[in-house]
Amino acid sequence: MMKRQLKLWDAIMLVMGSMIGSGIFIVSSDMMRQLGSGYWLAIVWLLTAVATVAAAICYGELSSMYPKAGGQYTYLTEVFGKPIGFLYGWSLFTVIQTGTIAAVAVAFGKFTAYLIPQLNDAAPIFQRGEFKITWIQVLAMGVILLLTYINTRGIKSGKSVQSFFTSAKIIALVLLIIGGLFLIKENHFSENMAYSWDAFQNLKGEGWMGISGGALMGALAAAMVGSVFSSVAWENVTFVSGEIVNPQRNVVRALVIGTSLVMILYICCNYIYLSALSREEIAFATNDRVAIAAAEKMLGHTGTIAMAILVMISTFGCVNGLALSGARVFQTMAKDGLFLKQAIPNNKFDVPARSLWLQGIWASLLCLSGQYGNLLDMISFVIVIFYMITVLGVIIQRVRKPEIERSYKTFLFPFTPIIYLLIGTVFCVLLIIYKPQYTWPGFILVLIGLPVYYFARGNKKND
């Protein structure tokens, strides 16, 4: 039995810290290239905000019904059975959690290299053909292993790092937004919004081309991949439910407060981007670093340095939140006989150290692969599918098990889960029709989990 050491504040910091990584500082560039209109950019972010908060509200009911470690894995297992729970856990370990940790850690490395150009300029440590190991990748691995070690020293160590870095990046984001309101010399907001419902695409810098119909639907889905990826990982707080004080109340409060505050910050940040930069400056910011481009417009070179430090703080805290929470799922799976049994025991600090190290080592290896970025783009489909299945579970349990005690019930049920399911379905269907390259890799990854599940079950029976 784990000690309950995380209070409401810690849980909110975990939600916000896991969500705010590198995405908000980067993805709006590609979104603008896809849609070419500040109007459509705003609509996609608003849709993502509504969907994210709606899903978090729904998860709150499940967290009040099953307030134990494992979170979403536990909900899926309870509602749909072990095979679906395992496929989620399998996807989480192979790429969703570990791949996100790797990508955010490398983002930390890249923004560090912005401050220390020698990291960019140094020759690769190893290179054979297209495969290479750079100092940025090594730095990313070092960050992952350092934070894994800190989290093995007890939940207090992990939560202290989380609270400090999350508080720092929230304050910095707020200062960016407030500063933007007063320091923008030439406001481009009206110009960027003037295109209204007209949409344009310019993926390679060869000129804007008007799009409508199917092309617009595909562009909306591709743009939403960016906003969705910037807005996931809030469910990480459910993974540590077994260590939260009064989880029936505090998990749902953390989910709703945390996601709402982050989405407000994201929308305000995009208002600053649309005000500080022209359409071309957003779409073609160097290396998609739209936040640095905006900061440079406001404060010159000083602004770019400040923004790079902000992103380093943000990504460091995000990696910590993901590392802290993900290991609890793999420990719960191990207890169910669906993961390596070595991941079960806690260490003397009462945390699942072996599960943390397994997660940290695999995430570090993904840093070396060089492919995690593409894989993450393609796995957003899988993340939303599992979100939808979990939200559907709220409706199913209302019908199937109305007698289970619920200290919290979904606000505006059944409209809230239906809103999420509608937005999620449209997103996934558009990706399947117009951007199949975003969907098939995810399907294949999940399907590979099926034989692994039956192999694991067979081994357990033979034990």
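The structure presented is a predicted model; accordingly, all values stated were derived computationally and were not measured.
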**Message:** Using side-chain heavy atoms (C-beta onward) and a distance below 4.5 Å, is K335 in contact with T332?
**Reply:** no
**More than 12 heavy atoms from other groups under 6.0 Å of CZ on R289** = yes
**Message:** Within the structure provided, determine whether L450 and L447 are in side-chain contact (heavy-atom separation under 4.5 Å).
**Reply:** yes
**Message:** Is any side-chain heavy atom of F239 closer than 4.5 Å to one of L322?
**Reply:** no
**Item:** Other residues, nucleotides, ligands: >12 heavy atoms within 6.0 Å of K7 NZ
**Value:** no
**Closest non-hydrogen atom pair between A56 and T259, with its separation** = CB-OG1, 3.6 Å
**Message:** Going by ring-ring contact (aromatic ring centres under 6.0 Å, His included), name the pairs with one or both residues in residues 320-357, residues two or more places apart or in two chains.
**Reply:** F93-F330, F93-F339, F330-F339
**Request:** Supply the atom-to-atom distance L176 CG to C269 SG, rounded to the nearest 0.5 angstrom.
**Result:** 5.0 Å
**Complete:** Taken in chain and number order and not counting sequence neighbours, the residues that satisfy side chain to side chain contact (heavy atoms under 4.5 Å, CB included) with A306 are none
**Request:** Please test Y88 against Y73 for ring pair (Phe, Tyr, Trp, His ring centres under 6.0 Å), starting from the C-alpha separation and ending with a verdict.
**Result:** CA-CA 7 Å; Y88 171 71; Y73 162 76; 7.5 Å; no
**Request:** Carefully, step by step, assess F108 and V104 under the rule side chain to side chain contact (heavy atoms under 4.5 Å, CB included).
**Result:** CA-CA 6 Å; F108 174 89; V104 176; over 6 Å; no
**Message:** Any carboxylate oxygen within less than 4.0 angstrom of a Lys/Arg side-chain nitrogen, looking at D10 and K156?
**Reply:** no
**Message:** Determine whether a donor-acceptor pair (N or O, by modelled atom type, separation under 3.5 Å) exists between the side chain of S314 and the backbone of G21.
**Reply:** yes
**Item:** Rounded distance (nearest 0.5 Å) linking atom CG of N347 with atom CG of D350
**Value:** 8.0 Å
**Message:** I'd like to know if the side chain of Q359 pairs up with that of Q97 as donor and acceptor (distance under 3.5 Å, no hydrogens or angles considered).
**Reply:** no
**Qualifying salt bridge (charged side-chain N to carboxylate O under 4.0 Å, His left out) pairs, either residue in residues 261-286, two or more places apart** = E281-K297
**Aromatic ring proximity, centroids under 6.0 angstrom, Y453 and F86** = yes
**N320 side chain near F165 side chain, heavy-atom distance below 4.5 Å** = no
**Fill in**
Output for pair (Q34 CD, L216 CG), nearest 0.5 Å, gives 11.0 Å
**Request:** Evaluate the criterion side-chain hydrogen bond (donor to acceptor under 3.5 Å, both in side chains) for residue pair N236 and S18; output intermediate values, then yes/no.
**Result:** CA-CA 7 Å; N236 276 241; S18 298; 4.6 Å; no
**Item:** Flag side-chain contact, heavy atom, 4.5 Å: L261 against M16
**Value:** yes
**Prompt:** Do the non-hydrogen side-chain atoms of I26 and V290 ever get within less than 4.5 Å of each other?
**Reply:** no
**Prompt:** Sub-3.5 Å donor-acceptor pair from the side chain of Q201 to the main-chain atoms of M209, do we have one?
**Reply:** no
**Prompt:** Distance-only, no hydrogens or angles: does the N151 side chain make a donor-acceptor pair with backbone N or O of I155 under 3.5 Å?
**Reply:** no
**side chain to side chain contact (heavy atoms under 4.5 Å, CB included) partners of I264, counting only residues at least two apart** = C268
**Prompt:** How far apart are the closest heavy atoms of L87 and G449, and which atoms are they?
**Reply:** CD2-C, 3.6 Å
**Asked** If you take all heavy atoms of G218 and Y434, which pair is closest and at what distance?
**Response** CA-CB, 3.5 Å
**Asked** Hey, is OH on Y149 packed in by over 12 heavy atoms from elsewhere, all under 6.0 Å?
**Response** no
**Message:** Quick check: closest heavy atoms across L356 and T148, and the distance to 0.1 Å?
**Reply:** O-CG2, 3.5 Å
**Prompt:** Using the ring of each side chain (for Trp, its six-membered ring), is Y59 parallel, tilted or perpendicular to W234, with breaks at 30° and 60°?
**Reply:** perpendicular
**Prompt:** Looking only at heavy atoms, which two atoms of Q331 and S355 are closest? And how far apart?
**Reply:** N-OG, 3.7 Å
**Item:** Contact check, side chains of N192 and L41, non-hydrogen atoms, under 4.5 Å
**Value:** no
**Request:** Begin with the C-alpha distance, continue with both residues' side-chain angles, and end with the deciding distance and a verdict on side chain to side chain contact (heavy atoms under 4.5 Å, CB included) for K110 and I136.
**Result:** CA-CA 6 Å; K110 286 182 176 177; I136 290 175; 4.2 Å; yes
**Prompt:** Please walk me through it: do T238 and Q72 pass side-chain hydrogen bond (donor to acceptor under 3.5 Å, both in side chains)?
**Reply:** CA-CA 7 Å; T238 70; Q72 188 171 352; 5.7 Å; no
**Message:** Assess, by modelled atom type and distance only, whether the side chains of Y387 and E235 contain a donor and an acceptor separated by less than 3.5 Å.
**Reply:** yes
**Message:** Can you tell me how far apart CD1 (I211) and CE (M217) are? Round to the nearest 0.5 Å.
**Reply:** 9.0 Å
**Request:** Identify the heavy atoms of S29 and I282 that sit nearest to each other, and give their distance.
**Result:** OG-O, 2.5 Å
**Item:** Inter-residue atom distance T166.OG1 - M19.CE, 0.5 Å rounding
**Value:** 12.0 Å
**Parallel, tilted or perpendicular, as decided by the 30° and 60° cut-offs, for the rings of F381 and F443** = perpendicular
**Prompt:** Rounded to the nearest 0.5 Å, how far does OG of S37 lie from CE of M31?
**Reply:** 11.5 Å
**Prompt:** Quick one: side chain to side chain contact (heavy atoms under 4.5 Å, CB included) partners of I171, sequence neighbours excluded?
**Reply:** L175
**Item:** Audit row: I344, R354, side chain to side chain contact (heavy atoms under 4.5 Å, CB included) steps and yes/no
**Value:** CA-CA 8 Å; I344 294 175; R354 290 179 182 175; over 6 Å; no
**Q127 (side chain) donor-acceptor with K132 (main chain) under 3.5 angstrom** = no
**Message:** Does any part of the side chain of P441, heavy atoms only, come nearer than 4.5 Å to the side chain of I444, both counted from C-beta?
**Reply:** no
**Asked** Given S260, which of T52, L255, V53 fulfils the side-chain contact (heavy atoms from CB on, under 4.5 Å) condition?
**Response** V53
**Request:** Would you sort out whether M312 and L310 count as a side chain to side chain contact (heavy atoms under 4.5 Å, CB included), showing the intermediate values?
**Result:** CA-CA 5 Å; M312 288 170 63; L310 163 60; over 6 Å; no
**Request:** Go through the structure and list residues passing salt bridge (Lys or Arg N to Asp or Glu O under 4.0 Å) with K169, not counting sequence neighbours.
**Result:** none
**Item:** Positive for ring-ring contact (aromatic ring centres under 6.0 Å, His included) with Y266, one of W45, F25, F229
**Value:** W45
